[in-house]
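Remember, it's 1-based here, ligands and their atoms both numbered in the order they're listed. Please read all numbers here as calculations on a predicted model, not as lab measurements. The residues of the chain are indexed from 1 along the displayed sequence.
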Amino acid sequence: MPMPALMPVYPRCDVRPVRGEGCYLIGERGERYLDFASGIAVNALGHGHPHLTKAIQEQTATLMHVSNLYGSPQGEALAQRIVDNSFADTVFFTNSGAEAVECAIKTARRYHHVNGNPERHTLITFDTAFHGRTLGAISATNQAKMRDGFEPLLPGFAYATFNDLEGALALIDDHTAGFLVEPVQGEGGIRPASPEFLHGLRKACDERGLLLVLDEVQCGYGRTGKFWAHEHYGVVPDIVAAAKGIGGGFPLGACLATEEAAKGMVFGTHGSTYGGNPLGMAAGQAILDVILEDGFFEGVKAKGDRLRQGLEQMIPNHDHLFDSVRGMGLMLGLKIKEPAVCRDFVAHCRDHHGLLLVAAGENVVRILPPLVIEESHIAEAIEKLSDAARAFVPVSED
Ligand SMILES: *Cc1c(COP(=O)(O)O)cnc(C)c1O
């Protein structure tokens, strides 16, 4: 077999979407799927949302791209709106989550550099973390499946166990720049940080002059029922990477920082050709128009509670298969009991029940619906999951 034209790095399934309608995807043969994956927490407003679609269409016709050589009224306006709704004083726009993480890593290193401590270049990160697929981002995880064959990776990372505060603090030395951590691990299996863990990291940063860098690429932007996941903890970060939901499907990311943390990011230190172009900014504004409406985040929380309740009520009827529910808001995980494998159950739901979910670490099925789901979608998902659980035979289907 010749090499496929599309580089075969993904084990793609047989769903081949050609159209989206709200919370549904329609495949090549006209088949419909209830989309509780949302392009992995990206399509916050579902598919074809009229406000987002219109904003992108109008901006495309007005001005799509210029360059960061020119002034950016569009970038200034979106950055200001994000600053007004976060801990941050300043924002750098990227095209992806990994680039937002890259910018966060560079910002942290530059901070210590301009403070006269260039030896403080190491970020302490956590096992089962996921920060993206660039060389910098895979260097920031110690998962072999992402790193194998890409050595030499970037120095400047040390790895601790997620939610093990003692272990993380024990790694601090003269080279430590700070911590890079997801408040709620997504890929790792929908694992929220414990409050003691996140508060402990913040305290260590305050005492030792380190930076708390949060990766909110998946858990930020309303997904957990607050704008930022760290708001649940009452912990204020120094730097945050955001992406996924920020453009609702338009490729967009952002690195947010306080004035102090970003003080090394002066003229010439960073850049991006596309990052922050007028088209991306229009998409970003349209998302904020919707999610910053009064009561939107409360609505996400209420829907998350309803979905969680439905899942928890369903578990005892299928306790050979389902263990427990975890997560926050509409970032939920359903832990599968062995010998069943979450990936097989996700495939079963998709192929036989028209329900799209995402597999994650720790044998957890990720449930990431659009933030605009309604009661009827929750009921439909629970029904499909119950049907799937009844029909599912926990052995590999191939
Ligand atoms: C998806 C993800 C990334 C990487 O985002 P890309 O847009 O794929 O580069 C980084 N961090 C977290 C937590 C993510 O979930």
Flag the pair Tyr233 / His199 as yes when their ring centroid distance falls below 6.0 Å, and as no otherwise. no

Aromatic ring centroids of Phe227 and Tyr221 under 6.0 Å? yes

Is it the case that the side chains of Asn115 and Lys263 hold a donor-acceptor pair, with the cut-off being a distance below 3.5 Å and no angle test? yes

From Arg12 CZ over to Arg16 CZ, what is the distance, rounded to the nearest 0.5 angstrom? 9.0 Å

Distance (rounded to the nearest 0.5 Å) between Ile246 CD1 and Ser96 OG: 11.5 Å

Might you list the protein residues in contact with ligand 1, defined as having a heavy atom under 4.0 Å from one of its atoms, sorted by chain and number? Ser96, Gly97, Ala98, Phe130, His131, Gly132, Glu182, Asp215, Val217, Gln218, Lys244

Give a yes or no on whether a salt bridge exists between Glu375 and Lys303, defined as a side-chain N under 4.0 angstrom from a carboxylate O. no

